Every structure is written in structure tokens, then in C-alpha cells.
J.: 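Let me give you the structure first, and then I'll get to my questions.
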Amino acid sequence: MMDENHEVALEALGDVRDRVIEPCIAAGGGVVVKRLGDGWLAAFEAGSDACTSALKIQEMLAIDGAPALRIGVHEGAVSFVDDDIFGSGVNIASRLEALAKSGGIAISDVVFANLSEDLQASFENAGARLLKNIAEPIKVWAFGGIPPTDVASEPVSVLLENFVERSSSSSALAPDILDAVAMELEKYRWLNVLRTEDDGETSKYILCGSLRRSGDRVRVTVDLSARHDGRRLWSERFDRVVIDEFELVDGLSVALALRISAEIDAYEKMQAEMRPPEQLNAVELSARANDLMSSGLPDAFDEADTLLARAIALEPRSLHSKFFCGLTGVAKCE
């Protein structure tokens, strides 16, 4: 707007401030802590008050045809210093504001949990999101549309790169261990195993490692990383004593495959939580529902039931053998 007409933009912003933003904040018991040019930072005694004000603001702006704004709401610890405000509550609210769609609102799960049913009905599940400079994913609820996510559903595949062997022994164990690990991983039907001679560009995960032998001792070091951002997901060292090479290869390959599959499964679940249910496939919906019911929380069963119903609608034939049990009942896919 500033690029199109500087004076008109400033006039519209001042009008929005005087007629909509600050009156709505005051009516909800909030206090404007800081004005940021084209933004405001406000503090409220309760998240419900902040959400009520936010909804009123967006309602008035939508009718008025005024500049479209984004709003983020979070409850958290803050400190007031020299007429300014600091703390994780401010940081997360700021990240949520940037995440919200234009004309929309994004709130954290801690805010949503304390809202009345009437207010909760205005928001839809936007999934868990990784926010900039925030260590743990934050579950987000949105008004005005679900914010886009760059995390896509894709086949689960792992590329096994050739292990580097640093050994003075004439016996080359690394290729045998890698072959055995590949065979063990292929038993997990949900996991596609690739080797260096395959098209590694299609892999979602990369496993690399090294083997070092000294006398009858063997040390295998492995690293598992995500291809899209190079993030290291897991790294571990395995020390073994060589008594029988066949037994060493068999035992080590089983141990490695168990850990690799478990780490990939955990990361896949975290990735799935970062997407709203509407973007999940049937397997991901079923896995999330199973986790919800395993939690034992009564409120989780209704959400799990909704996810299962959606999974059945997407893949009615492929889920016929799966059963999902909870404390309050059993849901069967058929």
C-alpha cells in the first residue's frame, strides 16, 4: 500500500488504529504496550480476552474493507522493563502473527485449551509448526484459513551410502554389514531402502557410517540425516568384539535396523504433526489417531475418532486389518 500511495496508506493505517485496533484492545481489557508502525503489541490478562478482541478486529476490518492485518496470540511468561515487554510469550506471539494468513489469526494450543467452546469453534486445527528460534514445535489453531506449510507428504525412503572402512584387517566387514542392514530394513514395508547405485535424489533420509577395526574389536559409527535440510536426526557408535564374523554381522545389522527404523518413525510422526489433518494421507492419519488413543487422555478419543473416519474415507480397503483400541471403546477400520 505504501508503494502504491504513501499518503493514502498512512491515512488508512491511522483510521484503522483510531477506529478499530486500539478501541477493540481497550474494550477487551488489553493495554497497547508498543506501536510498531504498522503493528501493535498488546497485553491482556487472559488469552480469551485477547482472542475476543482479535476476532472483533478482524470482523470489523473485513466489513470495512480496510487494510488486511495478521494477528498472533500466545500465553506465556513476560517481563516489563522500561515501558517495554520481553519474554517467550512475546517471541511466540510474534512468530504466530507472521504465520497467520492475511486477515486471519493464529493462536497457540495453550491459548486454545483455555477458550470457551463458543470461541474454540472459530478456530481450526493448523497442526504443529516449527517456529523460528523456538526449540519445540507449537500446535497452532487458526481463524481465517490454515496457514500453508512447506512440509509435504512424501514416500519414506532411506539411502544407504557405502560405509567407509578404516581397517588393517584383510577381512572387509563394512560391505557385509551394509548389505545385512539393507535386508533388515526391507522387512519394514513402509520404508523404501535405496543404495548408492539407485537414484539417491529421491530419498528422504540418508544413512552413512564408518567402520574401524583393531584386532578383535570393531567400532561402527552411523549418522542418519534428513535430505531436505541436512539435519542430523541420529548418530551413534556401536562397539563389538569379533568372535565370529557371521554372528557379528547378523547381530549388528538387527541392532542398527531397529534404531534406524525407530528414529525415522519418530521423525515422520513429528513431521506429520506439523501438517493439519486435511493434508495427511490415510497412514499418517491412522498413526496420529493411534498415538492419541495411546495417550489415555479422554479428550483425545474424539479427535482420534475423527481422524480414523477420515482415514477410512481415503483408504477404505487398505485399512481393513487395523484395529485401534482406547479406554472408552474400540474403533475398527473395515
Side-chain angles (χ1 to χ4, degrees), residues 51 55 96 99-101 103-131 136-157 188-192 204-205 226 228 261-334:
C51 287
L55 289 166
L96 291 170
L99 184 68
K101 298 191 78 172
I105 306 167
I107 68 175
S108 62
D109 192 52
V110 67
V111 173
F112 181 84
N114 293 320
L115 298 181
S116 65
E117 290 185 2
D118 290 342
L119 281 176
Q120 286 183 343
S122 299
F123 297 89
E124 54 185 330
N125 186 356
R129 305 298 180 100
L130 283 171
L131 305 179
E136 297 296 327
I138 301 291
K139 186 172 183 180
V140 178
W141 298 82
F143 166 84
I146 294 177
T149 174
D150 58 0
V151 180
S153 176
E154 56 183 301
V156 183
S157 56
Y188 299 91
R189 295 187 178 182
W190 55 272
L191 182 60
N192 185 26
K204 192 172 183 180
Y205 303 95
H228 76 281
S261 61
E263 294 297 332
I264 291 178
D265 181 59
Y267 189 72
E268 283 292 308
K269 288 178 178 178
M270 187 194 79
Q271 293 290 88
E273 288 176 358
M274 294 172 62
R275 304 198 306 278
E278 292 78 9
Q279 296 181 9
L280 300 181
N281 60 37
V283 174
E284 292 166 334
L285 288 165
S286 302
R288 186 181 292 186
N290 206 30
D291 285 344
L292 284 167
M293 285 191 282
S294 297
S295 70
L297 300 174
D299 292 343
F301 295 124
D302 289 340
E303 184 178 351
D305 185 58
T306 300
L307 296 178
L308 286 174
R310 183 173 179 82
I312 295 170
L314 290 174
E315 300 275 351
R317 295 183 179 180
S318 66
L319 298 174
H320 67 278
S321 63
K322 290 185 180 292
F323 292 79
F324 299 89
C325 305
L327 296 177
T328 61
V330 178
K332 178 183 177 182
C333 299
E334 59 185 1

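This chain uses plain numbering: 1 for the first residue, then up along the sequence. Note that the coordinates shown come from a computational prediction; the quantities given were computed from them, not determined experimentally.
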J.: Less than 3.5 Å apart, which donor and acceptor atoms pair up between the side chains of residues 106-113 and the rest of the protein, not counting sequence neighbours?
T.:
unit_1: S108; atom_1: OG; unit_2: H74; atom_2: ND1; d: 2.7
unit_1: D109; atom_1: OD1; unit_2: W141; atom_2: NE1; d: 2.8

J.: For V156 and E268, work out which heavy atoms get closest and say how close.
T.: CG2-OE1, 3.4 Å
J.: For L292 and A300, which heavy atoms make the closest approach, and how far apart are they?
T.: O-CB, 3.4 Å
J.: Nearest heavy-atom pair of M293 and A304: which atoms, and what distance?
T.: CG-CB, 3.6 Å
J.: Can you tell me how far apart OG1 (T306) and CG (N125) are? Round to the nearest 0.5 Å.
T.: 10.5 Å
J.: Taking only residues two or more places apart in sequence or in another chain, which ones pass side chain to side chain donor-acceptor pair (under 3.5 Å) with N114?
T.: none
J.: Is there a side-chain contact between F143 and C51 (heavy atoms, below 4.5 Å)?
T.: no
J.: In Å and rounded to the nearest 0.5 Å, what is the CG to CG distance from L131 to L99?
T.: 6.5 Å
J.: Output all residues satisfying ring-ring contact (aromatic ring centres under 6.0 Å, His included) with F123, sequence neighbours left out; order by chain, then residue number.
T.: none
J.: Search all heavy atoms of A142 against all heavy atoms of G145 and return the closest pair with its distance.
T.: CB-O, 3.5 Å
J.: How would you list, by chain and number, every residue that makes a side chain to side chain contact (heavy atoms under 4.5 Å, CB included) with A226, sequence neighbours excluded?
T.: H228, D229, L233, Y267
J.: By salt bridge (Lys or Arg N to Asp or Glu O under 4.0 Å), which residues pair with E303, not counting sequence neighbours?
T.: K139
J.: Testing the basics here: between I146 and E124, what is the closest heavy-atom pair and its distance to 0.1 Å?
T.: CG1-CD, 3.6 Å
J.: In Å, rounded to the nearest 0.5 Å, how long is the span from OG of S157 to CD1 of I264?
T.: 8.5 Å
J.: List the atom of S261, the atom of W190, and the distance in Å for their closest heavy-atom pair.
T.: O-CH2, 3.7 Å
J.: First locate atom CG of N290, then atom CG of L285, and finally report the distance between them rounded to the nearest 0.5 Å.
T.: 12.5 Å
J.: Please name all residues satisfying salt bridge (Lys or Arg N to Asp or Glu O under 4.0 Å) with D265, sequence neighbours left out, ordered by chain then number.
T.: K269
